[in-house]
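In each ligand, atom 1 is the first atom listed, and ligand 1 is the first ligand listed. Remember, it's a predicted structure, so these values are computed and weren't measured experimentally.
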Amino acid sequence: MSKVSLSKRLIVFAIAALLAVAPSALLAQAQEVEPIVIGVAVAQTSNVALLGQEQVIGAQIAEEFFNARGGVNGRPIRLAFADTGGDEAGAINAFQTLINRENVVGILGPTLSQQAFAADPIADQAGVPVIAPSNTARGIPQIGRFIFRVSAPVAIVAPNAVKQALKQNPDIKRVAVFYAQNDAFSVSETGTFQQTVKDLELELLDVQTFQTTDTDFTTQITNVLPLDPQLVIISGLAADGGNLVKQLRELGYEGAIVGGNGLNTANIFPVCQELCDGILIAQAYSYQYDSEVNNAFREAYKAKQEKEPPQFSGQAFAGIQVFVEALTNLDNRKPLKDLDLATLRAELREEIMKGKFDTPLGPISFEETKKDDGSPAGGELVQEQFYVAQIQMDPGGATGRFVFVD
Ligand code: 1QQ
């Protein structure tokens, strides 16, 4: 018996003695209000924390929000956080800790697709549902039956930013593309961007590669600038992407810039400062979306952070919401207290798959996918609304914001 449960038993016995009721009855009640533990495995450290920090905030707001509304039929949830850092090994460790030590019912995470391809198979084999809050590469739900995402795939989201660049300047013809070749999401996203360039009958002048750990992009930029691009499209992560934008401008590039999902955070502002101004980024969430749950989330976020909620926070909130509502639906069908952990996890997978959820992202649901060999896989997101935002920096470049333009 652990120290915690020993002391809990002593308190229960003391209360029972005072009330002169059977201790076992009170113990059963104490057991019932044990929180349901949901794991959150995102990047709280490393460069990837520029993206992961926003997920922590979104998940914490969801925990408070749903517990204030009674949790899962009166039983509170508790989020168990495990830091993945920025790489695959960190994500695998965090998943193992949450699955085996925290005994979570499911996991929200990890931050990067690159990490998901390494860590998700572990959860899938253990029969633990995973909801990806920000994994947008092709093939994520196909990792396994227990894998879902609330982050719409790049193939659907990314083209909107290129179309918006053309709306703003219909003369654009010549396009250069940059991407981080050591990151699965960036490779997937650049494939979509390059296909979009072809579909829109633009001229793809050049494709330059870099690493997410790079800080100096002079070689790639000086290769491209003589070709006189009118649009540069970047697929990378926040620090490298922000530096690339900064150096493009410093070396004289004046045309349009489309950034991918890895640049989709105000945490790039300190990197490119006023030179971030004008970057177009497609969005799977808008704080302006008018619904009861989004208005409540927006208010809760603003009360804490004194700014509008960003996409990664909105998606993390939505992921926790899916867990809470699917658990509630399951509890209504089969009381959770009657299920062992393995059964609960397996049943939760089925509830997530068949649920409909009214989230800050709008109404969402999931559709079954298959692996390449035809065997059943996880749930791909079905979402209706997408947007485009443009970064607007204040003079001096210390502050700025995402302005929705579409
Ligand atoms: C992915 C992404 C990241 C840029 C989100 C943080 O979309 O890795 O799939």
Side-chain angles (χ1 to χ4, degrees), residues 40-59 83-88 90-91 94 108-120 130-143 147-161 178-193 210-213 233-242 244-245 258-268 271 279 281-285 309-319 361 378 380-381 383 386 389 402:
V40 180
V42 297
Q44 295 177 261
T45 56
S46 86
N47 259 353
V48 183
L50 294 178
L51 306 159
Q53 274 165 3
E54 296 187 339
Q55 304 181 301
V56 170
I57 297 166
D83 178 19
T84 62
D87 62 8
E88 295 91 328
L108 182 81
T111 302
L112 299 182
S113 293
Q114 179 74 27
Q115 296 174 301
F117 287 118
D120 283 4
V130 172
I131 297 181
S134 58
N135 305 154
T136 61
R138 190 162 171 264
I140 293 291
Q142 289 78 7
I143 292 171
I147 313 303
F148 298 81
R149 61 172 150 195
V150 289
S151 40
V154 282
I156 294 178
V157 184
N160 297 317
F178 291 70
Y179 77 94
Q181 61 183 353
N182 62 331
D183 176 62
F185 145 77
S186 300
V187 171
S188 182
E189 192 188 56
T190 199
T192 292
F193 276 137
F210 58 92
Q211 307 283 320
T212 51
T213 46
I233 306 177
I234 301 170
S235 294
L237 302 181
D240 47 322
L244 176 47
V245 168
V258 162
N261 201 37
L263 285 75
N264 200 358
T265 168
N267 290 330
I268 69 167
V271 183
I279 304 173
I281 306 181
Q283 305 290 325
Y285 167 74
Q311 176 199 270
F312 292 124
S313 301
Q315 289 174 321
F317 181 99
L361 312 175
E380 181 59 285
L381 178 67
Q383 180 181 346
F386 300 100
F402 284 73

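- Checked by atom type, the side-chain pair Gln283/Asn264 shows a donor-acceptor distance below 3.5 Å.
- Residue-ligand proximity, Phe312 to ligand 1, at heavy-atom distances under 4.0 Å covers atoms 5 (C), 6 (C).
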For side-chain hydrogen bond (donor to acceptor under 3.5 Å, both in side chains), just list the numbers for Gln114 and Asn182, CA-CA rounded to whole Å, side-chain angles, deciding distance to a tenth of an Å, and then say yes or no. CA-CA 9 Å; Gln114 179 74 27; Asn182 62 331; over 6 Å; no

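- Scanning the protein heavy atoms around atom 2 (C) of ligand 1, the nearest turns out to be Ser134 O, 3.1 Å.
- Considering every non-hydrogen atom in both Gln55 and Pro133, the closest pair reads NE2-CG, 3.5 Å.
- In this structure the side chain of Ser113 reaches within 4.5 angstrom of the side chain of Ile140, judged on heavy atoms.
- Proximity of a side-chain donor or acceptor of Arg138 to a complementary backbone N or O of Ser188 within less than 3.5 Å is not detected.
- Numbered from 1 in the order shown, with element, the atoms of ligand 1 that lie under 4.0 Å from a heavy atom of Leu51 read 6 (C).
- Near Asn135, meaning under 4.0 Å from one of its heavy atoms, ligand 1 places the atoms 9 (O).
- When non-hydrogen atoms are compared, ligand 1 lies under 4.0 Å from the backbone of Ser113 as well as from its side chain.
- The atoms of ligand 1 that sit less than 4.0 Å from any heavy atom of Thr111 are 5 (C), 6 (C).
- Contact annotation: for Thr136 versus ligand 1, heavy atoms closer than 4.0 Å belong to both the backbone and the side chain.
- The shortest N or O to N or O distance between Asn261 and ligand 1 is under 3.5 Å.
- Taking every heavy atom of Gly262 and a limit of under 4.0 angstrom, the matching atoms of ligand 1 come to 4 (C).
- Panel note: side chain Ser151, backbone Asn135; a donor-acceptor pair is recorded below 3.5 Å.
- The two atoms that bring Ala318 and Leu361 nearest to each other are CB-CD1, 3.8 Å, heavy atoms only.
- Atoms of ligand 1 lying under 4.0 Å from at least one heavy atom of Ala137, given by number and element, are 9 (O).
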